[in-house]
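Only heavy atoms go into these numbers, but all of them, side chains included; no hydrogens, no water, no symmetry mates.
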Amino acid sequence: MSTAEVVTFGEAMISLRAESLIRLGCGFTSSMAGAESNVAVGLARLGHHVVWTGAAGQDEPGALIIRTLRAEGVDAHTRLDPARPTGLMLLEHRLGTTSRVTYHRAGSAGGNLGWSDVEPHLQEGVRLLHFSGITPALGPRALEASLRAIDAARDRGIAISLDINHRKMLWSRETAAEVLAPMALRVDHLIASDAELQLLGGGSEDENTEIALSAGVGHVVVKRGAAGVTVVAPGERLDVAARSVAVVDTIGAGDAFTAGYLSAVLEGNTLRERAQRGVDVAAFAVASTGDWEGLPTREELALLHISEGETLR
């Protein structure tokens, strides 16, 4: 098999979506969840060769993760841990598209991923390493793997993408800033919400963007949800509006954007084309239920360019 274009690593979990309120007793639908695995599926559906690596429990949820990733065309390298379970995410919808998420991931196999899980895949020919700020929050081994992956990628000429993705349930804002700010200044593509960008320590968004660019970050991407996205590179800044679609579920929208954006990066597209593909892919994600299920194939992107109600034949 040819060398992957993209290597990504992190924790994938089993996701149980409640059909009503959990406290009242309800049915669930099961699937896979995880920031990096969502991005991997998105890139694979767009035609890219992606390696996802991590750990899962030697249990049925772990089998679900492996099966799902491989069925989606992701080159999944999953170490099965007989001593630790696969992590669990519980999700219930409350008001409209507002969801409540509860994690059961302490002591999970995925949180114990290490550098030995990642290093074999950072081979010559890999073009991009992607991970999120969730991974270094999982524990000491995952933090070490993240730091060593950055060092190895820089040494081997592999571009690095980091989505800050701060999760307050995993660590405080102060601890996250202490760990993620130095990481963020060593990557090529820094992706964050406007609030997450403040972890860099500046007062305003412009100040934090300048901190990143001055440190050598090539592109700062600010996700604004329904308001679209801003992409900044040295000497260039642009804003791209989000697509207007009926929103069903916002879970996974940020990962969908990242997949679209990175797809266009791999193809050498312009800043505007990168941002546009990102918001296009995110539009598919929010228009359907699930973290990754609604992500489009390359051919399906054409659906955004036909009139509402028209059939693509």
Side-chain angles (χ1 to χ4, degrees), residues 8-11 34-36 38-39 101 103 105-106 110-111 113 118 128-151 153-154 159-234 237-240 250-259 261-262 265 274-275 278 282:
T8 184
F9 65 99
E11 180 177 25
E36 292 85 1
N38 292 343
V39 172
V101 176
Y103 296 103
R105 65 201 311 178
L113 71 89
V118 180
L128 180 67
L129 169 71
H130 172 75
F131 67 105
S132 80
I134 297 171
T135 300
L138 297 176
R141 278 173 52 83
L143 172 57
E144 179 196 22
S146 302
L147 292 169
R148 294 185 69 172
I150 291 174
D151 290 340
R154 289 173 66 92
I160 306 168
S161 165
L162 171 64
D163 186 343
I164 287 183
N165 239 336
H166 175 233
R167 291 291 185 268
K168 63 182 180 181
M169 292 182 182
L170 291 175
W171 52 3
S172 69
R173 191 171 182 84
E174 292 72 25
T175 303
E178 182 179 347
V179 174
L180 293 178
M183 286 188 180
L185 301 183
R186 302 184 67 207
V187 306
D188 300 279
H189 302 274
L190 177 60
I191 304 169
S193 68
D194 53 353
E196 289 169 341
L197 202 59
Q198 293 174 12
L199 295 178
L200 297 188
S204 68
E205 181 181 308
D206 287 344
E207 288 172 339
N208 286 309
T209 299
E210 184 55 36
I211 288 172
L213 294 178
S214 296
V217 175
H219 304 83
V220 178
V221 183
V222 185
K223 297 181 290 186
R224 306 188 188 281
V229 64
T230 299
V231 184
V232 187
R237 175 192 174 102
L238 63 90
D239 298 296
V240 173
T250 59
I251 300 292
D255 301 329
F257 169 84
T258 297
Y261 172 84
L262 294 179
V265 168
R274 297 173 186 182

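Scanning all heavy atoms of the two residues, the minimum distance from G201 to N208 falls at N-OD1, 3.5 Å. Taking all atoms of both residues into account, the shortest heavy-atom contact from V118 to A149 is CG1-CB, 4.3 Å. Heavy atoms only, all atoms of each residue included: A142 and G111 are closest at CB-O, 4.0 Å. Heavy-atom minimum distance, L129 versus F9: CD1-CE2, 3.8 Å. When all heavy atoms of T135 and S146 are compared, the pair lying nearest together is CG2-OG, 3.8 Å. Between A184 and L200, the shortest heavy-atom contact is CB-CD2, 3.8 Å.
A heavy-atom distance below 4.5 Å is found between the side chains of K223 and D163. Residues I164 and L199 meet the side-chain proximity criterion, which asks for heavy atoms closer than 4.5 Å. E196 has its side chain out of reach of I191: every pair of non-hydrogen atoms, C-beta onward, lies at least 4.5 Å apart.
Residues passing the side chain to side chain donor-acceptor pair (under 3.5 Å) test with N38 are D255, sequence neighbours excluded. In this structure, the salt bridge (Lys or Arg N to Asp or Glu O under 4.0 Å) partners of R148, at least two apart in sequence or on a different chain, are E144. Residues forming a side-chain contact (heavy atoms from CB on, under 4.5 Å) with A275 (at least two apart in sequence, or on another chain): V229, V231, L238, V240. With sequence neighbours excluded, the residues satisfying side chain to side chain donor-acceptor pair (under 3.5 Å) with T175 are S172. A search for side chain to side chain donor-acceptor pair (under 3.5 Å) contacts involving R173 returns nothing, not counting sequence neighbours. Remark: E178 engages no residue in a salt bridge (Lys or Arg N to Asp or Glu O under 4.0 Å) (not counting sequence neighbours). For D206, the salt bridge (Lys or Arg N to Asp or Glu O under 4.0 Å) partners at least two apart in sequence or on another chain are R237. Shown here are the salt bridge (Lys or Arg N to Asp or Glu O under 4.0 Å) partners of R224, two or more places apart in sequence or in another chain: E205. Among residues two or more places apart in sequence or in another chain, the side chain to side chain donor-acceptor pair (under 3.5 Å) test is passed with S161 by H130. A search for side-chain contact (heavy atoms from CB on, under 4.5 Å) contacts involving R167 returns Y103, I134, N165, L170, not counting sequence neighbours. Judged as a side-chain contact (heavy atoms from CB on, under 4.5 Å), and not counting sequence neighbours, the contacts of L143 are P136, L147, V179, M183.
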Under 3.5 Å, sequence neighbours excluded: what are the donor-acceptor pairs made by side chains of residues 214-222?
| unit_1 | atom_1 | unit_2 | atom_2 | d |
| --- | --- | --- | --- | --- |
| S214 | OG | E210 | O | 2.8 |
| S214 | OG | E210 | OE2 | 2.7 |
| H219 | NE2 | R274 | NH1 | 3.3 |

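Considering CG of D194 and OG of S204, their distance stands at 11.5 Å, rounded to 0.5 Å. In this structure, Q198 CD and H166 NE2 are separated by 12.0 Å, a value rounded to the nearest 0.5 Å.
Between the side chain of D188 and the backbone N or O of I160, at least one donor-acceptor pair lies under 3.5 Å. Judged by distance alone, with hydrogens and angles left aside, the side-chain atoms of R186 form no donor-acceptor pair with the main-chain N or O of I150 at under 3.5 Å. Listed for the E36 side chain is a donor-acceptor partner under 3.5 Å among the backbone atoms of S132.
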- Residues L213, V232; criterion side chain to side chain contact (heavy atoms under 4.5 Å, CB included); working and verdict: CA-CA 9 Å; L213 294 178; V232 187; 3.8 Å; yes
